[in-house]
Amino acid sequence: MTESTLPETPRERLVHEFKNHLSVIVGFCDVLLRELPEGDAKRADLAQIQRAALAAVALLPELPGHASATDA
Amino acid sequence: MPEERPRLLVIDDEPGMLAVVERFAAAEDFEVVTRTGGHALLTELPALKPDVALVDRNMPEVGGLDVLRLIREIDPDCLVILMTAYATVDSAIEAVKLGALDYLSKPLDFGRLRELLDTVRFRRDRRRRLLVADSELASRFEFCGMIGRSPVMQELFDLVRRLAPHARTALITGETGTGKELVARALHTLGPRRDRKFVAFNCAAVVETLFESELFGHTRGAFTGAVEAKAGLFEVADGGTIFLDEVGELPAPVQAKLLRVIEYGEVQRVGAAAGRTVDVRTIAATNRQLFDEVVAGRFRQDLYYRLNVVEINLPSLHERPEDIPCLTAAFVGEFAGRFGKALAGVSPGAERLLHNAPWPGNVRELRNVIERACMLSEGRILSERDVLSVLGAGAPRPARPRAPALPTPGDTPAEPAHNRRTVEQVLQQVGGNRSAAARLLGISRRALYRRLDSFGLR
Ligand SMILES: Nc1ncnc2c1ncn2[C@@H]1O[C@H](COP(=O)(O)OP(=O)(O)O)[C@@H](O)[C@H]1O
C-alpha cells in the first residue's frame, strides 16, 4: 500500500507539522477548559494560550512560499 | 450484563494528537485505543473491534485513505472519521465517497467530534436494543425448542399442539434441516406418552440387510452373527413413540412389516415363529416427495396412506426469512454460552448476509454457520466478516446418499441451482469477490464461473 498523502514541498511539510503541533496545544486547551469548573482562575490563562495557538494556525497560510499565500 | 463503553480507535503519527483525543474521548465515556500507524491493523482489527475509528489522513507508511479502505473492508460495521491538517475539498469528497462518516480538519473542532461520537453511541445502543428485542422475540416465539415467528410456523405450532394428544401416526415432510425431528419430538412431548420412550431411527443410515433386525429384533441364531436374541426398536419404544426419519429409504419388505406394526401393533423378530404385540406411536419423516415414490412403485401406497393421515409439512427456511433474525439470536445466545463468550448478537451487515443466503441446508445449516462464527469471533458482535468466513462451508450435501453408495463415473454431487438474480445479488453483496460469492452460494468457484458464463455475466 503506497499513497502520497503527505504534502509535497519541504515548506508545505513544515507547515503541516506546525499545524499538527498547534492542534495538540489547541486540543489540550479544549480538554482542560472542559474539565475546569466555571470560575476557576486558570480558565482565563488557558483561553489565552488557545487564542494564541489558533492565531498561529490562522497565520500559517500566509507564510511566504506557501501555496495559498500567493493567492492571498 | 455491565454496559460496555463504545470503543474508539485513534490512529495518528503524532503522539500529542493521540493523547489529546484520548483525553477528550475518555471524558465522553469512550474506551480509547491509540495507534501511531496503520501497519498492524490488518491483524489487529478483528480483535480490536472498534465502534469508530478516528484516522489521520496524512501519515507516512500507510496513508489514511488506505486505512479507511482497509477498515471498510475488514470491519464494515466500524464507522470511520478522517482528520487532516491539510484539507482540500477534493480530499474530503474522496473520503466520504470511500465511506467515511466525516472529514475533520485540524485543529479539531471538539464540538463536532462530540456530535459524531454521540451518533456512534446512539447507533450502537439502538443496535443493542434491537438485539435484545430479537432474543426476547425468540423466547416469545419458542415452541418445544422450536423457534418461529413467521405466520406459517405459528400455524404449524398450533397444528402440532392440536394433533399431539390424538395422532397415532403422522408423516412429517420437508427439506433436510427444516426441523422435522423437532416436530416429531414436540408431538411426543405434548402427547399422552410424554413419560414414555421416544426412539429415533434414521432409515438412511442403516445398511439394507440390517433394517429388519434393527426395527423388529431377532432371535438367537436367526442369522450368522446373531449370537444373542435382541429386541428391535419397536419393542424398545413400546408404550412410547418411534420416529422413522427418511422413511422413503425403507426397502420394500420392511415397508410391508412396518404396515403390519402400524395396523395391528404386531412385530415379529427375525427368526421368530410368532409375533408380539406392541403399542407404539409411529411418526415418519421424509425429505422426498413420497407420493412420487408411490407413483414410481418404490413406496407402498397402503403404507403411504396409513402414514399421511396426518401430514405436517415444514416450509424451507427460504420460504420464511422472517424467522432468520430470531433463530440467529437464539443460536448466538446458545453458542455464546457454550463457548463462554460475551457475544450479544450480529452486526447489521452480518444480518443482511444471513438474511440473503440461500440456505439449502435450512435451519441446520444456519445453526452450523452461527456455531462456527461464534467459535471464531473475537468480538462482542458477530461481524459480516465472521459470518462470511464460515458461510457455505457448513452446507450439507443436498441429499444424504444411500448407504453404502457406489460412486458412478462422472457423478458429481448435485449443486444447488441459483437463478441469475440470486447470483447477482450475492456478488453485489460481497463487492464482486467471487470466492466469497461461491462460498455464500454453497457452490464451488468453478461452478460459479460456469453459472456466470451461462448468464452472460462474465
Ligand atoms: N424452528 C427451529 N428452531 C430452532 N432450531 C431448529 C428449528 N428447526 C430446526 N432446528 C435445528 O436445526 C437442526 C436440524 O433439525 P432437525 O429437526 O434434525 O431437521 P430435519 O429432521 O428436518 O433434518 C437441529 O439442530 C435443530 O435443533
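Just the heavy atoms: all of them, side chains too, but no hydrogens, waters or symmetry mates, feed the values below. Reminder, nothing fancy here: chain letters follow the sequence lines and each chain counts from 1.
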**Request:** Heavy-atom distances under 4.5 Å only: say whether B:Glu28 touches chain A with side chain, backbone, both or neither.
**Result:** side chain
**Asked** Between the side chain of A:Lys19 and the main-chain N/O of B:Ala85, is any donor-acceptor distance below 3.5 Å?
**Response** yes
**Message:** If I take atom NE2 from residue A:His21 and atom CD from residue B:Glu14, how far apart are they, to the nearest 0.5 angstrom?
**Reply:** 5.0 Å
**Complete:** Interatomic distance, CD@A:Glu17 vs CG@B:Asn58, rounded to 0.5 Å, equals 10.0 Å
**Message:** Testing the basics here: between A:Val24 and B:Met17, what is the closest heavy-atom pair and its distance to 0.1 Å?
**Reply:** CG2-N, 3.5 Å
**Message:** Please classify the contact between A:Leu32 and chain B as side chain, backbone, both or neither, with a heavy-atom cut-off of under 4.5 Å.
**Reply:** side chain
**Asked** Just how far is it from atom CZ of B:Arg114 to atom CZ of A:Arg34, taken to the nearest 0.5 Å?
**Response** 4.5 Å
**Prompt:** Got a second to check how far B:Asp56's CG is from A:Ser23's OG, nearest 0.5 Å?
**Reply:** 9.5 Å
**Message:** Please classify the contact between A:Leu54 and chain B as side chain, backbone, both or neither, with a heavy-atom cut-off of under 4.5 Å.
**Reply:** side chain
**Asked** Atom CG in A:Asp30, atom CG in B:Leu108: separation rounded to 0.5 Å?
**Response** 9.0 Å
**Result of checking A:Asn20, A:Leu22, A:Ile25, A:Val57 against B:Pro107 for side-chain contact (heavy atoms from CB on, under 4.5 Å)** = A:Val57
**Fill in**
Correct closest heavy-atom pair for B:Val20 and A:Gly27 would be CG2-C, 3.2 Å
